[in-house]
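Index from 1, following the sequence. Everything numeric in this text was worked out from a predicted model, so none of it was measured. Both ligands and their constituent atoms are indexed starting at 1 by order of listing.
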Amino acid sequence: VTQGSAPSTAIAASAVEVAKEYGAGDTAVHALRGVSIDFPAGEFTAIMGPSGSGKSTLMHCLAGLDTPSAGTVRIGDTDLTGLGDKAMTELRRDRIGFVFQSFNLVPTLTARENITLPCDIAGRDVDQQWMDTVVSRLGLAARLEHRPSELSGGQQQRLCIARAIACNPEVLLMDEPCSALDPIATARIEELIDELRQQYCIVIVTHSMAQAARVSQQTAFFHMGQIVEIGRTDELFTNPKEQRTLDYITGRFG
Ligand code: ADP
């Protein structure tokens, strides 16, 4: 690194002018209206904003589960636009971990089998030491032989997190990953994901400003399908530039 130059930050994922419409004509819903955002490697980005502002839609587009109506999504250097089904499936499987609000656990498999399923499908060995670490940090060690129906909501949510990181993804996408968890479990997960941040790029949708402030370096505030404000988390919370951000963080949002 040349002296005086800014450290170069690798961009692990990005959205460029992403728009998403559902439906057409008069009844079309503009879920995203030209959203551009970079997600640096080794950083934690919090996506905040009121219900219906497009947060989940963006996550689905980043995960390749939904196709933007316009614009570009990149994971690393890979442009998702026009990727065939096979390439998209492989990219999702090999490079992205996601934790969504619907758990999508396989009911007939044990917790252990659910965790290793993505690696099994990919034909990759699970790093046993890594798996043990993840499982114990998530408090699941005593539950590995249980089926999802025998687990509490919070345990199922932690299982989803374990499954998402067992395969070592480049980008970890989490839509409200702590919604079913009590404060102690939440604190443990925050601690774990803060450590994971060094290795991954993490994007989290959260309604909790306290959580965003605790764990993220970058925060984007969404409203009506657009980014109202994006910046370093400490800056955005202490010195927001936009009135709508200020209204939201002070609880005056309509
Ligand atoms: P958020 O995650 O911020 O609550 P969403 O991304 O879920 O917002 O939704 C953004 C907008 O898009 C909302 O108006 C929602 O009703 C609409 N929407 C989301 N998914 C669909 C869908 N599959 N079909 C039609 N409209 C949708």
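A donor-acceptor pair is defined here as one N or O able to donate and one able to accept, closer than 3.5 Å; no such pair exists between the side chain of Arg163 and the backbone of Pro118.
Close placement of the Phe100 and His60 rings is indicated, their centers lying within 6.0 Å of each other.
Taking 4.5 Å as the limit, every side-chain heavy atom of His207 sits out of range of all side-chain heavy atoms of Met48.
Alongside Ile121, the hydrophobic cluster contains Val106, Leu109, Leu117 (criterion: ILVMFWY side chains under 4.5 Å). Cluster partners of Ile184: none. The rule joins Ile, Leu, Val, Met, Phe, Trp and Tyr whenever side-chain heavy atoms lie under 4.5 Å apart, and it links nothing here.
Remark: Asp94 pairs with Arg124 by the salt bridge (Lys or Arg N to Asp or Glu O under 4.0 Å) rule, at least two apart or across chains.
Enumerated by chain and number, the residues approaching ligand 1 to less than 4.0 Å through a heavy atom are Tyr22, Val29, Ala31, Pro50, Ser51, Gly52, Ser53, Gly54, Lys55, Ser56, Thr57.
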